[in-house]
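One is the number of the first residue; the rest follow in order along the sequence.
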Amino acid sequence: MKTPDFWRRNSKSLLPNILAPAAWAYGWVSRLHRSFQKSHRVEVPVICVGNVVAGGAGKTPVAIAIARFFLAEGKRPHFLTRGYGGQLKGPVRVVPDVHKFTDVGDEALILSATATTWVAQDRVLGARAAVEAGADVIIMDDGFQNPSLAKDLSLLVLDADYGVGNGRLLPAGPLRETLASGLERTDAVVLVGGSCDSDIYNWLKEIKPVYNSILLPQQSSDAIAGETVVAFAGIGRPEKFFDSLRQAGCELIKCFSYEDHHIYNKQEIMKMVETAAAQNAALVTTRKDYVRLSMDARMMVSVFDVEMSFEAPAEFQKQLLSLLKDGST
């Protein structure tokens, strides 16, 4: 789904009040599920990159940044993800040239370009498969609300701009659980787009360590920066992607928004291709959308790749390395 407008902080819609009973039921069932599920530990440290908000907060770029750091240190990080949108239950090791997004989901394909990636609906079985395959650290993309696999470091990713929206639980708002509940279980907060003089940063730092970060275009995206473009995105908050293009100096002629994990048909692609051609513009999308396109469609589309950059990387890296030095098990 696309993030509804009534989930936003200043929405005047009556829907959140109408959906309040459903939100209460959702919260009650979620708490009950977490309280009864046992937690299992594996032989290597487990880092969970999660959030309390449904939709794109920036979890996957944070997970990739962590994996790249460990790879640079000579470690063997493996990703573990549920494979949302894919049909394979796993545990299965993702093979990019073999698996499609319909098998393992779009995010798993993106992760597998950086490090070994496992898809498993059962997180414990997936973690054990990763350990047997030689992982010395496991990075979970999501799974914050799933207590089945014990975590050695839990990171809560928050978008500084969006925050927690209207602060209500699903479906009345964007929250999978309350922010207070999430902060109780997290070790640190990664604030995407935050700064040291923002209100949310100053509030959070009194509760947990906070690492400010920002999404920046990768070098491969330099050719797109400053160009005239037609953009499309099927992610939780498409406008976040469109804003990134504007910040890179692009002139956006037209924006097409679709629901998260949308599967594009030929008619939709051709409509966008024709729109871009009529304006002599490039047709641009996210990496997450790109892996869901047919091979023919990919030839007509450019990708605007981003990566996570941390304001104080040394502090963040020190916390990551402490997991291995402590020999957490």
Peer 1: Show your working on side-chain contact (heavy atoms from CB on, under 4.5 Å) between Asp159 and Asn51 and close with a plain yes or no.
Peer 2: CA-CA 10 Å; Asp159 185 288; Asn51 65 10; over 6 Å; no
Peer 1: Is any side-chain N of the basic residue among Arg68 and Glu307 closer than 4.0 Å to the acidic one's carboxylate O?
Peer 2: yes
Peer 1: With a 6.0 Å cut-off (strictly less than), is the heavy-atom count around CD of Glu315, excluding the residue itself, greater than 12?
Peer 2: no
Peer 1: Kindly indicate whether a cation-pi arrangement holds for Arg8 with Tyr162, taking the cut-offs as under 6.0 Å to the six-membered ring centre and within 45° of the axis.
Peer 2: no
Peer 1: Keeping the roles fixed (side chain from Asp136, backbone from Arg76), state whether a donor-acceptor pair exists under 3.5 Å.
Peer 2: yes
Peer 1: Any side-chain heavy atom of Phe79 within less than 4.5 Å of one from Val94?
Peer 2: no
Peer 1: Is it true that a side-chain atom of Ser13 and a backbone atom of Phe6 form a donor plus acceptor pair closer than 3.5 Å?
Peer 2: no
Peer 1: When rounded to the nearest 0.5 angstrom, what distance separates OH in Tyr26 from CG in Leu169?
Peer 2: 7.5 Å
Peer 1: Between Asp152 and Arg41, is the closest basic N to carboxylate O distance under 4.0 Å?
Peer 2: yes
Peer 1: Count the heavy atoms of every other residue, nucleotide or ligand shown that sit under 6.0 Å from NZ of Lys89, and state whether that count exceeds 12.
Peer 2: no
Peer 1: Using 4.0 Å as the upper bound for N to carboxylate O, is an ion pair formed by Glu177 and Arg185?
Peer 2: yes
Peer 1: Report the distance from atom CZ of Arg237 to atom OG of Ser257, rounding to the nearest 0.5 Å.
Peer 2: 13.0 Å
Peer 1: Taking 4.0 angstrom as the limit, do Asp142 and Arg176 come out as a salt bridge?
Peer 2: yes
Peer 1: Taking side chain as C-beta onward, heavy atoms only, is Gln317 less than 4.5 Å from Phe310?
Peer 2: no
Peer 1: Are Thr286 and Phe304 close enough that some pair of their side-chain heavy atoms sits under 4.5 Å apart?
Peer 2: no
Peer 1: Kindly determine whether Asp103 and Gln87 satisfy side-chain contact (heavy atoms from CB on, under 4.5 Å), including the steps that lead there.
Peer 2: CA-CA 5 Å; Asp103 300 318; Gln87 60 186 0; 3.4 Å; yes
Peer 1: For the pair Thr186 (side chain) and Leu156 (backbone), establish whether a donor and an acceptor sit closer than 3.5 Å, ignoring hydrogens and angles.
Peer 2: yes
Peer 1: Taking the side chain from Arg298 and the backbone from Val291, do they hold a donor-acceptor pair closer than 3.5 Å?
Peer 2: yes
Peer 1: Find out whether Ile64 and Met308 are in side-chain contact, i.e. whether some heavy atom of one side chain is under 4.5 Å from a heavy atom of the other.
Peer 2: no
Peer 1: Within the side chain of Thr275, is there an N or O that forms a donor-acceptor pair under 3.5 Å with the backbone of Lys271?
Peer 2: yes
Peer 1: Between the side chains of Asn146 and Ser148, is a donor N or O closer than 3.5 angstrom to an acceptor N or O?
Peer 2: yes
Peer 1: Within the distance-only criterion (no hydrogens, no angle test), does the side chain of Thr114 pair as donor or acceptor with the backbone N or O of Ile110 below 3.5 angstrom?
Peer 2: no
Peer 1: Can you say whether the rings of His262 and Tyr258 are parallel (under 30°), tilted (30 to 60°) or perpendicular (over 60°)?
Peer 2: parallel
Peer 1: Measure the spacing between CG of Leu109 and CZ of Arg287 and express it to the nearest 0.5 Å.
Peer 2: 11.0 Å
Peer 1: When rounded to the nearest 0.5 angstrom, what is the spacing between CZ in Phe101 and CD1 in Ile263?
Peer 2: 4.5 Å
Peer 1: Is the number of heavy atoms from other residues, nucleotides or ligands under 6.0 Å of Asn280 CG greater than 12?
Peer 2: no
Peer 1: To the nearest 0.5 Å, tell me how far Lys75 NZ sits from Leu321 CG.
Peer 2: 8.0 Å
Peer 1: Hey, any chance Leu14 and Trp24 share a hydrophobic cluster, counting ILVMFWY side chains that come within less than 4.5 Å of each other, even indirectly?
Peer 2: no
Peer 1: Can you confirm whether more than 12 heavy atoms, excluding those of Asp161, are under 6.0 Å from its CG atom?
Peer 2: no
Peer 1: How are the rings of His78 and Trp118 set relative to one another: parallel (under 30°), tilted (30 to 60°) or perpendicular (over 60°)?
Peer 2: parallel
Peer 1: Evaluate the side-chain proximity of Tyr290 to Asp106: yes if any heavy-atom separation is below 4.5 Å, no if none is.
Peer 2: no
Peer 1: Do any N or O atoms from the side chain of His33 and from the backbone of Val29 form a donor-acceptor pair under 3.5 angstrom?
Peer 2: no
Peer 1: Tell me, with the steps shown, if Ile138 and Val131 meet side-chain contact (heavy atoms from CB on, under 4.5 Å).
Peer 2: CA-CA 8 Å; Ile138 293 171; Val131 172; 4.1 Å; yes
Peer 1: Answer whether the closest heavy-atom distance between the side chains of Val284 and Phe241 falls below 4.5 Å.
Peer 2: yes
Peer 1: Looking at Phe256, is Lys254 sitting on its ring face, NZ or CZ under 6.0 Å from the six-membered ring centre and within 45 degrees of the normal?
Peer 2: yes
Peer 1: Using a 3.5 Å distance criterion without hydrogens, assess whether the side chain of Gln247 forms a donor-acceptor pair with backbone atoms of Phe242.
Peer 2: no
Peer 1: Test your reading of the model: is there a side-chain donor-acceptor pair from Arg168 to the backbone of Pro16, 3.5 Å cut-off?
Peer 2: yes
Peer 1: For residues 217-229, run the donor-acceptor check on the side chains, cut-off 3.5 Å, and write out each pair with its distance to 0.1 Å, sequence neighbours left out.
Peer 2:
residue: Gln218; atom: NE2; partner: Val306; partner atom: O; Å: 3.3
residue: Ser221; atom: OG; partner: Asp305; partner atom: N; Å: 2.6
residue: Ser221; atom: OG; partner: Asp305; partner atom: O; Å: 2.9

Peer 1: Quick one: pull up CG in Leu191 and NZ in Lys208 and give me the separation to the nearest 0.5 Å.
Peer 2: 15.5 Å
Peer 1: Verify side-chain contact (heavy atoms from CB on, under 4.5 Å) between Ile47 and Leu320, making sure each step is shown before the conclusion.
Peer 2: CA-CA 9 Å; Ile47 300 171; Leu320 296 176; 3.9 Å; yes
Peer 1: Looking at Lys288 and Asp260, does any basic side-chain N land under 4.0 Å from a carboxylate oxygen?
Peer 2: yes
Peer 1: Do side-chain atoms of Lys240 reach the backbone of Ala57 as a donor and acceptor pair under 3.5 angstrom?
Peer 2: yes
Peer 1: Is any side-chain heavy atom of Leu80 closer than 4.5 Å to a side-chain heavy atom of Ile139?
Peer 2: no
Peer 1: Check Arg292 with Asp289, please: is the shortest side-chain N to carboxylate O separation under 4.0 Å?
Peer 2: yes
Peer 1: Does any non-hydrogen side-chain atom of Ile269 lie less than 4.5 Å from one of Met300?
Peer 2: yes
Peer 1: Might you work through the salt bridge (charged side-chain N to carboxylate O under 4.0 Å, His left out) test for Arg246 and Asp243, ending with a clear yes or no?
Peer 2: CA-CA 5 Å; Arg246 294 187 183 97; Asp243 286 343; 3.1 Å; yes
Peer 1: Taking atom CD1 as the centre, does Ile207 end up with more than 12 heavy-atom neighbours from other residues, nucleotides or ligands that are less than 6.0 angstrom away?
Peer 2: yes
Peer 1: Is Arg82 salt-bridged to Asp141, going by a charged N under 4.0 Å from an acidic O?
Peer 2: no
